[in-house]
Every structure is written in C-alpha cells, then in structure tokens.
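Beneath this line is the structure, given in structure tokens, with notes to follow.
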Amino acid sequence: MMIGQVKMTSDTIRSKLAELSATDIFGANFLSVFGDSSWNSDTANQTAAHQFRVELISRIATARLAYGSGTEKRALESVAELFGKARAITANNVGCGTFEILVWHTLNVEVRPFTAKWHPLSQSGVLDALDSSDAFRAELYQIQNSLRVLERALALLTGTTASYDPSRSAILGADEPPQREAEWRPAGGHETYGDHERTAIQRRRDRYGVSHGDWAAGIALSGGGIRSATFSLGVLAALSRKNLLPQFDYLSTVSGGGYTGCFLTSLLGTSNPAEGFGLLSDQEPFKRTERESDHLARVRQRASFLSAGFIERLLLVMRSMYGVFVNAVLALSVIAFIAAVELVGRTGLQLFGVPTWLGWVCPIVALVLLSNVARQERLQLNELTVWHLSLGFLFCFPLIWIAFGAFHVGITRLTGNFALVAEIGPLFAMLLLNATAIAVLGSIFAVFARARSMVIPVVTGAFLLLAEHAFYVTFEGQDLTTTLLVLAIMAVAIGLLWCFVDVNETSLYRYYRSKLATAFIHTGGTNVSPKLSEFEPDLSFYPIINCALNAPGSDDPKMRGRLSDVFTFTPLMTGSNLVGYQETKAWEDLNPKLDLAAAMALSGAAVSPQMGLRTTKQGSFWLTLFNMRLNAWLRKPGIAGNDKAAATWGRWRRDPGIQYLFREFMATASERLPYVNISDGGHIENLGVYELLRRRCRYIVAVDGEADPKMTFHALTNLQRLAYIDMGIMIDAELDEIRLLDTGFSRSHFRFCRIRYPTGDAIEPWEIGYLLYVKLSLTGNEGEFLRRYRLDEPSFPHHSTVDQFFSETQFEAYRLLGEHIGDKLFMRAIIGDLATNSIGVEEWMQKYAENFGEIPPS
C-alpha cells in the first residue's frame with residue numbers, strides 16, 4: 001500500500017496494543033476509556049508516529065546512562081522538551097487521532113507528574129549532588145520504561161516493529177575476551193605464613209557460610225584520629241544492614257581507623273565470644289533495636305578518650321616532665337662537653353703560645369690524605385663518604401675554630417653592653433637576649449607558614465650555638481676544678497640514665513596506649529588487653545594493623561626520600577619488607593608489653609620525632625627535646641639476641657636505652673639496629689590499602705576519613721605511587737565528582753576505581769580488581785542535623801586531627817555522616833532491585849562495574 005493512502009481497518013486500540021509484551025501505561029484504566037477507539041494508521045498518524053519515535057530513541061529520555069554519566073538537570077530538560085515536540089508534531093499532522101491518544105495519555109498521565117515534581121526541586125539545587133539524584137534517577141528509569149513502551153506502540157502505528165531498543169547499546173570492546181580477575185595471595189604470597197592465613201580466613205568463611213573460592217575482599221579504614229574512627233563506625237553500620245560484613249575477609253586499619261578496627265577485633269576475635277555476637281545484621285554490636293548496642297554506646301561515651309581530671313592531668317604533667325628532664329640532661333650534657341673541649345683547646349693554645357700559622361696544617365694534611373684516599377679504588381661508596389666527611393671537617397677546622405671564637409666574642413660584647421644598660425649580670429643578659437630572639441623566631445614560625453622551612457633550622461642552630469656559648473662562658477668564668485666537677489656530675493648522670501632508663505617508659509606512648517585501651521579495647525572484664533597472637537578468626541575480620549617503620553638512617557636505596565616502610569601487625573606475622581617478617585608471637589615474647597592495645601597505639605602515634613615521609617632533622621630534635629614522643633622502639637626477633645653489645649650490657653641497663661634517644665634527636669633510626677622505631681601508619685600510607693593490594697584482594701572498600709578540606713586526595717594518590725613503585729600495581733581512579741564545587745560541596749561521596757595487578761604475562765598482562773573509594777565529604781543533601789551542625793562548625797567534616805576531644809554532638813555528627821554515606825553505596829540508581837535485599841559483595845561490585853562504565857587509566 002502506498003504511503004498517503006488511508007488503510008481501512010476494523011482494528012481497535014485494544015486489539016493492537018495486545019501485541020505489546022508490556023503495556024503498563026496502557027492498562028485497564030486506559031483501555032476502559034480508549035480501548036474501543038479505532039486504530040487509524042493513515043498518513044497523518046504514521047508521519048506523526050515516525051517523527052516522535054525519532055525524538056524518543058535519540059535522546060536521554062529513553063537511554064539509561066551509567067551512574068555518574070550525563071547530567072540530571074539535562075535529563076529533566078530532555079524529558080520536559082517532549083511536550084513541546086509533541087505539540088509541534090500534533091499541530092503539523094492534522095487528524096492524527098490515534099497518535100494523540102497514545103502520546104498525550106503517556107505525557108499527561110506518566111510524564112507530567114514527574115516533571116512537575118522535579119522541576120522546582122532542580123531549581124532549588126537538589127540535583128547538584130550526584131547521590132541526591134538517586135530518587136530522581138529511580139523515577140527517571142520508570143519514566144524511561146513508559147516511554148519505551150510508547151515507542152513500541154508508535155512503531156506499530158507506523159506499520160513496523162521497534163528494531164532498536166535505546167535502553168540497550170553495543171559496548172565498545174564487548175567482543176573482547178573478559179579480563180583475568182585477581183587471584184588471592186594470602187600473606188602477600190609469603191610462603192611461610194600464606195597457608196596459615198588462608199586457613200584462618202577459611203574458618204570465618206565456614207562459620208558464616210561464605211564461599212568465595214580463590215578471591216578475597218577487604219575493608220580499609222584510614223587514619224585520622226577519632227574523626228576517622230567515628231566516621232568508619234557509621235560506614236560499617238550501613239554495610240552491616242546489608243549483611244555484607246561477613247563476606248569481607250580482611251580489615252586493614254591505620255591510626256584512627258585502627259580504633260574502630262581494634263574495637264571489633266577485641267570484641268569478636270576472642271576464644272569465647274558472647275552469644276549473639278558477630279558480623280551479621282542481627283548480631284551484636286551492629287544489631288539495632290530500640291537503641292544502639294551497649295558496646296557501641298560505650299565507645300560513644302568514651303570518645304573523648306584523652307580527657308582527664310585534674311589529678312590525672314597533674315600526673316601526666318609530672319610524667320612528661322620526667323621525660324623532658326631526661327632528654328634535656330642528655331642534650332645539654334653533650335653540649336657542655338663540646339663547650340669544655342673548646343675551652344680547653346683555646347686555653348691550651350694560649351698557654352703554650354701556639355702560633356696561629358699552624359692552622360694551615362689542617363687543610364694541608366687534609367689534602368695529602370685526600371690524594372691517598374682517592375687512589376684506593378677498592379673503597380666502597382659508603383667508605384668514601386665517611387672519609388670525605390672526615391677530611392672535609394679537617395680541611396674546614398681552622399675556619400670553624402675562628403667562626404666559633406668570633407661568635408663568642410660578639411655575643412659576649414652584646415650581652416655585656418646590654419648588662420650595663422639593664423643593670424643585670426652578663427649571664428642573665430645573655431639568657432634574656434637568647435630567649436627574646438628564639439621567641440621572635442618561634443612567632444614567625446607559628447604565623448608565617450612559608451617561612452617555616454627556613455625558621456626551624458635557624459631556631460635550632462641558634463639554640464645549639466647559644467647553649468654552647470652559655471656553657472663556654474660559664475666554664476670560662478670559674479676555676480678548672482669546678483668545671484671538672486660539673487662535667488663529672490653530668491657524666492655520672494648520663495651513666496645512670498644509660499644503665500637504668502628505658503626510653504619507651506619516658507615517652508607518652510604508655511599513657512596514650514592506656515587511654516586508647518580504656519576507650520576501645522573490649523577486655524571481657526579482665527582489664528587486660530588481648531595479645532594479637534591469641535586472635536580467634538571464627539567471627540571476626542582478619543585484622544591488619546598498619547604502622548610505619550622509621551629508618552631515615554638506612555643505607556637501603558629504597559628508603560631514599562621515603563625514610564620509612566610499611567610495618568604491619570597481624571595475628572600470624574609481624575614486620576615489613578625492610579626487616580622481613582617473623583611470627584607475631586616472637587615479637588610479643590621479646591616485647592612483653594606488646595598487645596592489641598599497644599599495636600593500636602603505635603598505629604596512631606601521630607606525634608613522633610621521626611614521622612616517615614615528614615621526618616626532618618630539626619623537627620626531630622625539638623620533638624625529642626620536649627618529649628613529644630608517642631612512638632616506641634621494638635626489639636626485633638632473631639637479631640637483638642645475637643647483638644654482642646646488647647648481650648654484654650644487658651646486665652647493666654634496661655633496653656632500649658638512652659642511646660636510642662640520640663637516634664631520635666638526630667633522626668638516624670635504622671633497620672640495622674637491635675630495636676626498630678615504630679610510629680603512626682599514616683607516616684607512610686594513610687589509607688590502609690597497601691597490605692590488601694599485597695594480598696591481591698579482588699574487591700576493596702576504602703573508607704578515607706583523613707582531614708582533607710581541599711579535597712586533594714593525598715591518601716589515595718600516595719597509595720597509587722607506593723603501589724606502582726613497590727608492586728607494579730596500577731589504580732585507575734577518576735575523582736572529579738568528589739572534588740569541591742564552587743558551593744563548597746562535592747557531587748558524590750564515592751568513586752569506583754579499577755585495580756590492575758601485573759601478571760608478567762605478555763598476553764594477559766593484568767589481573768583485575770576493584771576499589772570502592774569512600775570519601776569523608778558533604779554533597780549538601782544530608783539531613784537537617786548535619787546541616788545544622790555544619791552551620792555551627794564550619795570546619796565539619798574536616799576538623800583537625802589534633803582535635804581528639806569529641807563531644808557527644810561531634811561524635812554523632814561524624815558517625816551519622818558515615819552511616820548516611822554508607823547508605824548511599826546501595827542506591828537503587830546503581831544496584832537496582834538489589835537495593836532492598838541483602839547482597840553479596842561480588843554481585844554488589846559487579847553492579848558498580850556495570851553502572852560506572854569504562855574507567856579511564858591513570
């Protein structure tokens with residue numbers, strides 16, 4: 001039949017629509033009104049139907065986009081534009097009665113309520129937040145379904161069939177073979193401990209009825225003090241409601257994330273867990289009835305764990321003074337000895353009338369020795385370095401000697417003149433001027449951030465020189481006997497300290513550990529923290545507690561610029577790549593006070609003289625001097641016992657002795673020492689994902705609660721660097737949706753990233769895993785409590801990590817934000833109908849992989 005001729009038919013709308021497999025929009029109500037109307041497929045109806053079909057299949061109105069793709073506002077506009085298109089087509093095709101019935105019924109009954117609801121909400125900014133568009137996208141998908149039914153009805157009207165479904169599209173590369181998925185490597189592939197770790201994790205899987213096969217999943221909780229601990233607790237509560245927690249094998253934590261992780265480990269990882277405890281949604285501690293679990297309430301009540309009464313604060317001050325006294329005696333004794341040596345040297349030169357021209361002997365001897373050293377081609381680089389440093393000092397010694405003399409003369413004259421004007425003694429005048437100068441420099445340091453890198457070395461140098469000058473003039477003004485007596489007293493003091501002082505006991509580490517244990521460690525009424533080696537895996541995640549092993553004095557080329565290594569505690573093995581791994585029980589035997597609470601405290605030892613990537617010589621000196629030391633020295637298994645010096649002097653001193661304070665003063669800790677320096681895991685890798693990558697986890701959820709007000713994603717980008725350098729692992733991440741908008745909010749709280757594990761195979765070079773990156777952030781769609789709290793606290797949600805004194809309101813704000821963001825991970829816009837049910841971690845992640853589409857390589 002030619003187009004333009006009218007097709008005479010007795011078909012009705014009811015009979016023709018019966019050919020459609022889905023007719024929800026043309027249901028009983030529609031058919032009761034229009035079902036018996038004639039189905040006219042004349043020229044006007046066919047032309048109108050064809051033109052409107054083109055609109056439907058060529059726009060977002062019927063094409064479902066991946067989560068994060070497209071713009072919700074534009075989608076709303078596209079749907080609204082259909083009304084204008086329908087009016088124009090109807091006006092240009094007079095007599096298209098069947099078309100009008102089908103189209104205008106769909107637009108008025110299905111589409112208009114949707115656009116009427118969302119247009120004013122869009123104008124108010126509701127759709128600016130990506131995760132607030134969940135409800136919008138869910139309704140949009142329903143509208144798209146209706147429009148696709150309309151499109152198929154219009155295809156019938158044109159006398160054809162709908163051969164193209166805009167909801168389905170060919171994916172580029174779909175014909176390519178699927179990529180190889182990551183296979184589990186327990187204990188990071190360590191032969192000695194791999195099978196034991198696999199067995200422990202399999203026990204938990206069997207207990208919960210989980211069957212993963214040869215792949216593993218892990219959760220990482222980042223550093224960030226009590227802020228991160230509280231935020232992570234909220235995210236875990238949201239995951240628990242979906243019964244997802246039992247399906248994760250590992251819980252890898254750093255610093256503040258370790259507060260929450262060790263709380264769960266101490267509660268669930270015991271040999272005799274209480275009835276009804278576990279990781280399921282209907283088990284303690286995440287079971288929610290009329291009120292939260294008593295155990296979670298206990299954590300909430302003790303969130304301000306560093307708060308203390310007057311007596312406790314007084315005791316803390318006294319303990320801190322004890323440490324400062326030891327450190328000051330050590331530092332000042334060394335300075336006094338140097339001053340005494342200088343004074344003896346200058347006095348001897350004057351007494352014996354040594355001519356000044358003999359100063360030329362030092363550089364000449366240095367040059368002669370240098371020529372001899374240069375011919376020793378068999379010397380190694382480190383030996384050459386020692387020689388050159390020694391010869392360089394000898395060469396410059398006359399200049400240094402003259403400079404010190406000029407310094408003493410200048411300061412003496414300055415303080416002498418000031419003493420005459422102020423009518424005070426020269427020593428008091430010097431102390432006053434020195435204190436004033438250091439105060440000025442310290443103020444510059446505190447106020448001008450850009451000047452800090454210059455001010456710290458100046459302040460440190462000024463302090464050391466002025467202290468040496470003070471001892472010099474003091475010794476110069478008294479008789480030799482008194483000077484020798486002072487030096488002898490200092491020597492005896494150092495000897496006593498060397499024999500009896502344990503530098504771990506003089507730091508604040510023990511106090512910090514005690515306060516953390518009281519707040520977060522469940523002891524079952526024994527008041528004794530469990531040992532990590534006593535962990536029972538049946539109910540709990542397998543814990544990985546991440547710290548930093550500080551080694552700024554290491555000769556290992558890998559430590560160049562990094563100054564530290566990732567150091568981990570697990571129930572079976574403890575150590576790092578730099579020092580190797582030994583049984584955790586062996587570490588505990590050599591360090592009797594090492595338990596779960598101690599590991600947690602070390603993982604959160606943020607204030608330490610040596611801080612991994614942020615270690616500086618000047619900073620180490622001042623932090624040690626004022627005893628700002630939350631770190632600890634741990635004895636290494638299999639090494640310290642063979643150290644002859646340690647064995648000889650072990651009868652006379654308590655290790656680690658004050659010789660390790662020198663290491664902290666000078667930032668020269670090394671992996672070669674019998675004791676290793678351990679501090680906050682955030683000093684090397686603050687996200688806690690590194691060890692999960694070593695184990696090649698296929699699915700990882702990383703909860704990033706670090707302070708990052710500018711959203712620069714330091715933790716993730718640092719992880720990308722370390723993972724590629726150390727393991728060749730690539731993490732493909734696109735973070736634009738989390739970056740701050742001009743409004744100060746982000747569009748989304750999370751992003752889905754791809755992990756590429758290298759295989760060494762040219763044909764299949766990668767094993768693929770996935771990382772769900774959950775960021776502490778605001779999108780503006782949070783509830784009224786969080787909005788109000790932000791008005792009161794503009795720093796929220798990135799209060800400084802120094803703030804460890806959380807009130808109940810502050811605790812609840814971060815916990816509720818974590819739960820809010822955790823709930824957003826299960827939006828219907830991403831996981832569809834699975835949003836209403838318990839879900840498996842594999843199918844959950846596969847839904848993310850489907851909806852986030854192609855992830856660009858980093």
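- A perpendicular orientation is assigned to the rings of His469 and Phe407, their planes being inclined by more than 60° (bins at 30° and 60°).
- Arg513 pairs by the salt bridge (Lys or Arg N to Asp or Glu O under 4.0 Å) definition with Asp595, not counting sequence neighbours.
- Put simply, the side chain of Arg346 reaches to within 4.5 Å of the side chain of Trp401, judged on heavy atoms.
- Judged by distance alone, the side chains of Thr624 and Asn327 never bring a donor and an acceptor atom under 3.5 Å apart.
- Here the OG-CG distance, from Ser620 to Leu625, works out to 12.0 Å after rounding to the nearest 0.5 Å.
- Here CZ of Arg227 is found 7.5 Å from OG of Ser222. Values are rounded to the nearest 0.5 Å.
- With no hydrogens or angles considered, no side-chain donor-acceptor pair links Asn631 and Arg629 at under 3.5 Å.
- Remark: Leu549 CG to Leu563 CG distance equals 12.0 Å, nearest 0.5 Å.
- A donor-acceptor contact closer than 3.5 angstrom links the side chains of His683 and Ser679.
- Side-chain contact of Thr712 with Asp708: a donor-acceptor pair under 3.5 Å is present, judged by distance alone.
- In this structure, His408 has its ring center under 6.0 Å from that of Tyr472.
- Residues Glu691 and Ser252 have side chains that never bring a donor and an acceptor to within less than 3.5 angstrom of each other.
- A side-chain donor-acceptor contact under 3.5 Å links His799 and Glu793.
- The only option from Phe569, Phe567, Tyr675 that meets the ring-ring contact (aromatic ring centres under 6.0 Å, His included) definition with Trp587 turns out to be Phe567.
- Within the structure, the side-chain hydrogen bond (donor to acceptor under 3.5 Å, both in side chains) test picks out no pair touching residues 603-615 (sequence neighbours left out).
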Salt bridge (Lys or Arg N to Asp or Glu O under 4.0 Å) between Lys593 and Glu505, worked out
CA-CA 11 Å; Lys593 296 181 180 179; Glu505 298 294 343; 2.7 Å; yes
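- With hydrogens and angles disregarded, no donor-acceptor distance shorter than 3.5 Å links the side chain of Glu588 to the backbone of Pro592.
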